[in-house]
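Below, chains carry the letters A, B, ... as their sequence lines are ordered, and counting in each starts from 1.
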Amino acid sequence: MKKKNDSRAPGHGAIYITVTAALVGAAALSLLVGAVHLSPAQILCALFSPDSSTAAAIVRLSRLPRTAAAMLAGAGLSIAGVLLQGVTDNHLASPNIIGVNAGAGLFTILTLHLFPTAVLALPFAAFFGAFAAASVILLTAGRIGFSKTNVILAGIALTSILNAAISFVSLIDSDVVAAYNFFSVGGLSGIPPHTLAVPAVLIALSWALSLLLSRKISVLCLGDALAVSLGVRVRFLRAVCIILACAAAASVVSFAGLLGFVGLVVPHIARRLVGESTARLLLCAPPLGAAVVLLADTLGRTLFAPTEIPVGIVMAFVGAPFFLALLLGRQSNA
Amino acid sequence: MLEIKNLHARLSRRSILQGVDLTLTPHTLTAVVGKNGCGKSTLVGCIGQTTPYMGEILFSGRNLALMPPRERASLVSILPQTLHAPHITVRELVTLGRSPYIDIAHHLTANDRAAVDHALEIIGIADLSAAYVDTLSGGERQKAYLAMTLAQDTRLLILDEPTTYMDMAYEQSFLSLLTTLHRRHKKTLLVVMHDLTQAVRHADHIAVMDDGHIVFCGTTKECLAANVLEQTFAVRRHASGERIFFTAD
């Protein structure tokens, strides 16, 4: 049981500094570790005064995009998780719960089925699929009411339908299954740098707008009745937050595939570090998520080198036990 | 002040409020009492604009439903029955009460900070301001939320059964605090109460609800003189000195 005299607000500045330091460390590790051994001096030289050497090419064309992708994936999914868990008042909500990932998956497998050679179109298909799923959720919740339970239930129902559609397409076209399997576990290898630009802008916009709305989101977390009493337009705010969460999550899906558990696990860790103030969560969770995905990716690349384990599988190994521990914790508190 | 005219509300096709009329007197504590399911919380939901209704709810002659949310939030604050226990500090919670006045850049003015300090001081929980809300007892949490509604700085406070989860001693001190709020700080309070003895002891006016109607609204003295509570709740009134209490018939 928590004691009141233990419950004084800790210095959050120290936590932000630690998380930022962890992110910088994880990014440095991600740049250093790889199939080809490169010294820190070579990495720094490649970053700040690039030449035509092989080391510079490896860093600028392979490791730097991969590091940036991991950071973007962690940050984007964490923002989406914080927003969804906040506005649905459900700490088990995440982008894959409300159907965003399944929507992206269905559009990807449909693209593979209809246009087998259009590999470059896959990220865009994922992007539109995620938004289409979010739109269906918004329309459904708009008709039945934007309560936190309705959004979650509509998401679960939609996810079931989308997963059934994915299975159906897999049945009628077995050729797409192999390509889809890679996409469905989530991975960061071979991402062209130019595909990160649009997701980076969308994630940054989602983050900035979420921070602007953070006070209102904190009020919404007190319950709909209190939020209305405090002058918040509850339905509008919930819809805006879901759109922002979808933009951030879909951006990640478009280049990293269906990377699960980040949006669920990272907001929980951040909540334990800085409490439930939405502003503080939005400041802590993105760098923390970036560090977690960077470390998971580095682990996946090195654990069984030269065989690479996709980051989605590593995250599932970490995230699933965490999810179970969470459920067990809730059970023991009930 | 607040004037409710011919209010009708339905929930799941069932008629809950059937033509409620109620007018509040400024700077008084009006207790709303009634049996379970008579529509007390629905009435609070209608005033808070979270439950759809037909009829009019006017504040100083202006329709609450037509006001912009932030303006409405600067006039009426509502404390619902169920309160969350977020992992934020008491000061952070009370500061959220200033939301209707804070700009999008989240700048807290000196006035906002003073209002938060004042609310913590009035409620007597300044020493708990750094404590986390989820570590407080039920009574302390209720006080923290009351401080939040005070920081909202509205003329009218509506509380839905605020003492439900309190023990008797804490309930007494909480209700005394409400008395202080309307007598010393000139607040108008509408409090849904389940305890008739406490309602008679602390309220200036009593509104008795039965089956979706207000069957009586007047001063506490008038209410006792008309034996409305005995008839509505089938209870027996006892007096011990100046104290009045009720027991089941």
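- Within 6.0 Å of atom CD in Glu71(B), more than 12 heavy atoms from other residues, nucleotides or ligands are found, so the atom counts as buried in its surroundings.
- Of the atoms belonging to Ile158(B), not a single heavy atom falls under 4.5 Å from chain A.
- Both the backbone and the side chain of Arg70(B) come within contact range of chain A, with heavy atoms under 4.5 Å apart.
- Comparing Val76(B), Thr154(B), Ile102(B), Leu83(B) by how many heavy-atom pairs each has under 4.5 Å with chain A, the most go to Ile102(B).
- The OG atom of Ser229(A) sits 11.5 Å away from the CD1 atom of Ile47(B) when rounded to the nearest 0.5 Å.
- Against chain A, no residue from residues 55-62 of chain B qualifies, as none has a non-hydrogen atom under 4.5 angstrom away.
- Contacts between Arg271(A) and chain B at a heavy-atom distance below 4.5 Å involve the backbone alone (N, CA, C, O).
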What pairs of donor and acceptor atoms, side-chain ones from residues 202-223 of chain A against any protein atom, are under 3.5 angstrom apart with sequence neighbours left out?
from	atom 1	to	atom 2	distance (Å)
Ser206(A)	OG	Leu202(A)	O	2.9
Ser206(A)	OG	Leu244(A)	O	3.4
Trp207(A)	NE1	Leu282(A)	O	2.7
Ser210(A)	OG	Ser206(A)	O	2.4
Ser214(A)	OG	Leu211(A)	O	2.8
Ser218(A)	OG	Ser214(A)	O	3.3
Ser218(A)	OG	Thr278(A)	N	3.1
Ser218(A)	OG	Thr278(A)	OG1	3.0

Check: residues 141-149 of chain B side-chain donor-acceptor pairs under 3.5 Å, at least two apart:
from	atom 1	to	atom 2	distance (Å)
Gln142(B)	NE2	Pro162(B)	O	3.3
Tyr145(B)	OH	His84(B)	O	2.7
Thr149(B)	OG1	Leu146(B)	O	2.7

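- If you measure heavy-atom distances from Thr95(B) to chain A, the contacts under 4.5 Å come from both the backbone and the side chain.
- Listed by first and then second residue, the side-chain hydrogen bond (donor to acceptor under 3.5 Å, both in side chains) pairs that reach into residues 38-50 of chain B are Ser41(B)-Asp160(B), Gln49(B)-Tyr53(B), sequence neighbours excluded.
- Listed here is the closest heavy atom pair of Ser277(A) and Ile88(B): N-CG2, 3.5 Å.
- Counting heavy atoms of neighbouring residues, nucleotides and ligands inside a 6.0 Å radius, atom CG of Asn36(B) does not exceed 12 of them.
- Counted within 6.0 Å of NE2 on His118(B), heavy atoms from surrounding residues, nucleotides or ligands total 12 or fewer; the atom is thus considered open.
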